Amino acid sequence: MRGPLGSYCRRFGRLTRSGGLKWPERPCGGPAVHTCRAPALPPASITVLEAVALWRKHFEERGVTEPEHSSHSIMAHLLGAKTIESLEREKLTQFLSRETAEQLWELCTKRLSRMPVQYVIEEWDFRDLTLKMRPPVFIPRPETEELVELVLTDLQMKPGSGMGAEAQCTCLEVGCGSGAISLSLLKSLPWLRTVALDQSQDAVDLTRENAFSLGLQDRLHIHHIDVLKDADSVVSLCSPVSVLVSNPPYLFSEDMTSLDPEILWFEDHVALDGGEDGLRVIKQILTLAPQILANHGRVYLEVDPRHPPLIQQWVEARVEELRYIQTQHDITGRPRFCILQKEK
Amino acid sequence: MSLLLPLISRVCSVSRRVTWRGCDCVCPVLRPPPAGLPCVLAAGKRSLPELPVLNEDELEEQFVRGSGPGGQATNKTSNCVVLRHIPTGIVVKCHQTRSVDINRKRARDIMREKLDIAYKGENSEILTRRKESVQKKQEKRRKANDNLERKRLLKEVLADSKSGSDVV
């Protein structure tokens with residue numbers, strides 16, 4: 001049965017129950033052949049620093065990526081902090097209670113199975129928001145924080161921003177995942193309204209939960225729609241929007257197999273795989289854009305570094321009403337964002 | 001204990017100008033001034049009244065994201081941002097939060113304070129405020145000591161008069 005992990009589920013044999021939200025409680029995940037025994041809790045009390053160092057060693061020995069950072073993040077979270085750097089010095093030399101030690105062992109054992117830290121602690125930060133995280137819903141990447149910055153820059157400079165213009169300003173997000181982009185925009189712009197879509201029910205549910213946690217549910221409408229299968233519903237959803245924003249699946253299918261286990265074994269492949277050239281969902285979004293956008297409305301996309309020239313060529317040939325405005329680079333200097341505008 | 005991850009890094013020159021928009025974080029909007037002029041902001045928030053404005057063209061930013069394509073293909077939680085001011089060589093590292101965006105903004109705030117010290121030396125905002133605070137404490141101590149001395153003298157005078165000796 002085709003579950004949230006798409007066509008890879010049979011190969012790797014690990015899936016949530018169909019449509020289920022809970023991750024199976026197993027210490028080991030993935031098709032690992034070796035036995036994966038959780039390290040035993042030490043009999044004597046240990047300090048925070050000792051526990052962190054011990055788990056860093058366990059992670060290193062098992063080849064878990066970011067051994068030190070993983071250990072720090074999980075420990076900090078259990079002690080009520082976001083980062084270990086923000087803990088008071090004295091706390092680091094305190095002994096862990098039995099209960100906290102057991103919780104630490106439980107969470108770190110999950111990390112041993114290569115579960116991403118964000119799923120282990122069930123939350124992560126995106127710009128100034130803390131969002132709930134849950135497999136297999138796609139975890140926001142740092143690059144996407146810059147996508148939000150680009151949209152905000154333009155929206156805050158909108159000419160004629162007065163009551164009239166602002167009241168009509170709506171944004172559409174395709175592929176909302178955990179809700180990071182939409183919720184970030186809504187938090188920063190009190191006058192904005194947003195419609196968000198995702199093909200995954202898990203993502204729709206998680207976005208809704210995050211919206212309620214942040215008190216933004218009144219300005220966000222969320223729909224379970226697949227933009228590839230149900231274009232008509234998308235177009236009829238909302239009156240012309242000023243902004244269409246998306247971090248759509250943009251990986252090339254052939255690159256999926258070389259992904260780290262954190263991604264391959266735990267995140268929704270449908271949220272990642274953009275087809276042979278990585279452009280399947282992007283092309284659909286751009287095809288529909290003129291019908292969704294108000295005149296002079298803009299599309300903001302996060303893409304693979306190889307995409308921008310391909311997208312520009314394709315749009316010039318195939319989408320008459322869309323003009324390619326510019327390519328923006330991310331913090332590592334890679335071409336990462338495409339901005340287009342509807343020109344009737 | 002080293003809290004910085006020794007991953008492969010790509011040092012990239014950030015040649016584009018970035019205008020930071022306010023979210024709920026501390027820093028005000030920074031607009032790059034005409035090239036080469038570290039001008040002074042008008043007095044605004046108490047926290048950052050007269051610090052130099054940053055010129056993005058003079059900054060080199062480094063964020064460890066690995067040698068792969070990044071983006072959706074990578075899920076790393078490390079978010080340390082390293083900012084270098086090319087003309088002075090001053091380097092700021094920031095991994096205070098779990099958001100790269102906020103770490104970048106904070107790194108710039110810290111850079112502004114460091115540049116202020118570098119440019120103005122003794123007269124920089126931070127050093128001036130520190131000096132003022134130290135002076136206030138010294139003044140307080142001096143007054144307290146004066147009071148104690150006065151009380152001591154008074155006691156002496158009273159003690160002398162009781163014993164009947166002539167007081168001049």
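A note on names: the letters A, B, ... follow the listed sequences, proteins ahead of strands, and every chain is numbered from 1. Owing to the predicted nature of the structure, the values given are computational and were not obtained by experimental measurement.
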Visitor: With a 4.5 angstrom heavy-atom cut-off, which part of L251(A) approaches chain B: side chain, backbone, both or neither?
Guide: both
Visitor: Of the backbone (N, CA, C, O) and the side chain (C-beta and beyond), which part of S70(A) lies under 4.5 Å from a heavy atom of chain B, both, or neither?
Guide: neither
Visitor: Answer yes or no: is there an ion pair linking E145(A) with R127(A), defined by an N-O contact shorter than 4.0 Å?
Guide: no
Visitor: Can you tell me which portion of S86(A) sits under 4.5 Å from chain B's heavy atoms? Options are side chain, backbone, both or neither.
Guide: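 Contact with chain B is absent: no heavy atom of S86(A) under 4.5 Å.
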Visitor: What part of A271(A) lies closer than 4.5 angstrom to a heavy atom of chain B: side chain, backbone, both or neither?
Guide: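 Contact with chain B is through the backbone of A271(A) alone.
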Visitor: For Y250(A), is it the side chain, the backbone, both, or neither that has a heavy atom closer than 4.5 Å to a heavy atom of chain B?
Guide: both
Visitor: Select one option (side chain, backbone, both, neither) describing which atoms of P261(A) are under 4.5 Å from chain B's heavy atoms.
Guide: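 Neither part, no heavy atoms under 4.5 Å.
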Visitor: Given that the side chain runs from C-beta out, which part of N247(A) has a heavy atom under 4.5 Å from chain B: side chain, backbone, both or neither?
Guide: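 Both backbone and side chain of N247(A) come within 4.5 Å of chain B.
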Visitor: Think R306(A) forms a cation-pi with F252(A), using NZ or CZ under 6.0 Å from the six-ring centre and within 45 degrees of its axis?
Guide: yes
Visitor: Quick test of your reading of the model: are D101(B) and K105(B) salt-bridged, counting only N-O distances below 4.0 Å?
Guide: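 Between K105(B) and D101(B) there is a salt bridge, with a charged N closer than 4.0 Å to a carboxylate O.
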Visitor: Between the side chains of E149(A) and R104(B), is the shortest nitrogen-to-carboxylate-oxygen separation below 4.0 Å, so that they form an ion pair?
Guide: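 Salt bridge absent between R104(B) and E149(A).
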Visitor: Considering only heavy atoms, which portion of L272(A) lies under 4.5 Å from any heavy atom of chain B: side chain, backbone, both, or neither?
Guide: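 Its backbone and side chain both get close to chain B.
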Visitor: Any Lys/Arg nitrogen of R129(B) or E132(B) sitting under 4.0 Å from an Asp/Glu carboxylate oxygen of the other?
Guide: no
Visitor: Check R112(B) with D116(B), please: is the shortest side-chain N to carboxylate O separation under 4.0 Å?
Guide: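 Looking at R112(B) together with D116(B), the answer is no, because their closest N to O distance does not fall below 4.0 Å.
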